[in-house]
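Remarks on the structure that follows.
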Amino acid sequence: MEIFWYIIIAVITTVFFILDGYDFGTGIIHLFFAKKDKDKEVISKAAGLFWDSNEVWLVAAGGLLFMAFPTFYASVFSGFYLPLIIVLWLIIFRALGLELRSQINHPIWKTIWDKAFGVSSLLLALFFGIALGNIARGVNLGGVENGVSAYEAHYFFLPLWDSSFSPSTTHPGVIDWFTIVIGIIAIVTLAIHGANWILVKTNASINEHLKTVIFRFNIALAVLTVFSLSIWHLVEPHPLANYLKYPVFLIFPMVYFVGLIGMFFIKKLKKEIYGFILSSLIITGGVTSTLATMFPVLLPSTNDLNPPLTIYNTATSEYGMSVAVPWMILGIILIITYFIIQKKLNKGKIDDREYGH
């Protein structure tokens, strides 16, 4: 049952990054590339009409994580308390930027909430990437100092950063040079994804230029991918061990590279949706490749005293996991129904749709 719930939560988390990821990316494009007020309006609608349904997947993932792996849930929500609160505030400001922008027709008012939307989206992409970097790098479980745990083995505390700014220090911070690299990769990836969503859903005047932007960002992403792979062994001594043990896992990096290579042909694609599918493959491959590298570990330990948190030592009882299955199925059906209805109501280009008035 542990593997079943791990797969379910991994799928829902990946769906969240694909769907809400284009909202983050849309905000990044809005912040740096939308200059005309009409473009700002339609790009805001490309995110604003969908963000609430997309974030339902985050709530679902969090709820299922609490149900299936409560020890892991308690550990990360305690140890990552400060960055999680920052993420919560960023989500609030992003929503406020979208919902309040059109309430008053004044340039200063619109500029304030445009910046709130764009900056919050940029920082959310950064922090979610940093979070993935922290999960991959591991933490000092138990707060070990001089061979002695300061608290229980599954708890930890991280400052925002350590003075050494190194991922290999005894007490790493949330932000170090390794997690920053992963955060930048997240920004570039979601900017590509958001630009593709804008191409699919709008007729903004910058759409043709966005194809060039996507192409250039993809070059940056390819370089960052090679760089991250070259430094991976500094954080994980045996990064390819799981791929040798479970060769089927190789499908996940293959998905990533299919999306990455395909994106170089963005200017030749006949339909905008193809680009969106390719950027979705990049996100899917990136998230699943990271999880495959770690399996069955959920959170590595950077010390030798306390073991890592895995899907086995953090799981709830067999009874709890089995009795939750029908409720999970019902919840997923409701979410998918809501998702389908909303997407059907907003199908096609949304330039002339009313939003925020």
Side-chain angles (χ1 to χ4, degrees), residues 1-14 16-17 58 60-81 83-84 128 130-144 147 149-158 167-168 170-172 174 178-179 182 232-253 286-325 328:
M1 289 296 288
E2 291 92 346
I3 293 178
F4 169 79
W5 281 109
Y6 178 76
I7 292 172
I8 293 296
I9 294 170
V11 169
I12 291 176
T13 302
T14 303
F16 164 73
F17 281 116
L58 179 62
L64 291 179
L65 191 65
F66 174 70
M67 183 284 301
F69 305 107
T71 303
F72 174 71
Y73 180 94
S75 177
V76 297
F77 273 74
S78 172
F80 293 132
Y81 184 80
L84 284 171
F128 275 115
I130 287 173
L132 186 62
N134 274 267
I135 295 296
R137 178 203 64 199
V139 299
N140 185 12
L141 288 172
V144 174
S149 293
Y151 23 82
E152 291 182 67
H154 58 274
Y155 284 117
F156 65 94
F157 171 76
L158 293 183
S168 56
T170 305
H171 298 286
V174 173
F178 174 74
T179 60
I182 306 303
W232 184 251
H233 69 281
L234 299 176
V235 176
E236 171 54 55
H238 307 288
L240 302 179
N242 261 8
Y243 293 112
L244 297 175
K245 187 176 181 180
Y246 309 105
V248 69
F249 285 176
L250 289 170
I251 191 173
F252 301 126
V287 173
T288 54
S289 294
T290 303
L291 297 178
T293 301
M294 297 171 57
F295 179 84
V297 173
L298 294 173
L299 185 64
S301 176
T302 58
N303 62 70
D304 297 325
L305 185 62
N306 296 314
L309 301 182
T310 71
I311 63 174
Y312 301 110
N313 64 14
T314 64
T316 190
S317 65
E318 283 288 327
Y319 173 78
M321 287 189 286
S322 60
V323 78
V325 171
M328 178 272 295

For the residue pair [X] and [Y], what are the closest heavy atoms and their distance?
| X | Y | value |
| --- | --- | --- |
| M321 | M1 | O-CE, 3.4 Å |
| A136 | P300 | O-CG, 3.9 Å |
| G320 | M67 | O-SD, 3.9 Å |
| P167 | P172 | O-CB, 4.3 Å |

| query | Any donor-acceptor pair under 3.5 Å linking the side chain of S301 with the backbone of N306? | reply | yes

| said: Given 3.5 Å as the limit, does a donor-acceptor pair link the side chain of T316 with the main chain of A68, or not? | reply: no

What is the distance from atom [atom1] of [X] to atom [atom2] of [Y], rounded to the nearest 0.5 Å?
| X | Y | atom1 | atom2 | result |
| --- | --- | --- | --- | --- |
| F72 | L309 | CZ | CG | 7.0 Å |
| I182 | W232 | CD1 | CH2 | 6.5 Å |
| N242 | L250 | CG | CG | 10.5 Å |
| L132 | T179 | CG | OG1 | 10.5 Å |

Within a strict 4.5 Å, meaning less than it, do heavy atoms of the [X] and [Y] side chains meet?
| X | Y | answer |
| --- | --- | --- |
| I3 | I311 | yes |
| W5 | V325 | yes |
| V76 | F69 | no |

Qualifying residues under side-chain contact (heavy atoms from CB on, under 4.5 Å), relative to [X], sequence neighbours excluded:
| X | result |
| --- | --- |
| V323 | Y319 |
| A131 | none |
| Y81 | I85 |
| A60 | I12, I335 |

| Any pair counted as side chain to side chain donor-acceptor pair (under 3.5 Å), so long as it reaches residues 130-141, sequence neighbours left out | N134-R137, R137-D176, N140-H171, N140-N303

| request: Please list all pairs passing the side chain to side chain donor-acceptor pair (under 3.5 Å) test where one or both residues lie in residues 69-79, with sequence neighbours left out. | output: none

| remark: Contacts of T13 meeting side chain to side chain donor-acceptor pair (under 3.5 Å) (sequence neighbours excluded), chain-then-number -> none

| Residue F4 excluded, over 12 heavy atoms near CZ under 6.0 Å | yes

| Heavy-atom neighbours of L305 CG exceed 12 at 6.0 Å | yes

| Evaluation steps, side chain to side chain contact (heavy atoms under 4.5 Å, CB included), between M328 and L64 | CA-CA 8 Å; M328 178 272 295; L64 291 179; 4.0 Å; yes

| said: Using the ring-ring contact (aromatic ring centres under 6.0 Å, His included) criterion, which residues pair with F17? Sequence neighbours excluded. | reply: F128

| message | Please report whether the ring centroid of F80 lies less than 6.0 Å from that of F156. | response | yes

Side-chain donor-acceptor contacts of residues 291-299 below 3.5 Å, not counting sequence neighbours, with atom names and distances?
residue	atom	partner	partner atom	Å
T293	OG1	Y243	OH	3.3
T293	OG1	S289	O	2.8

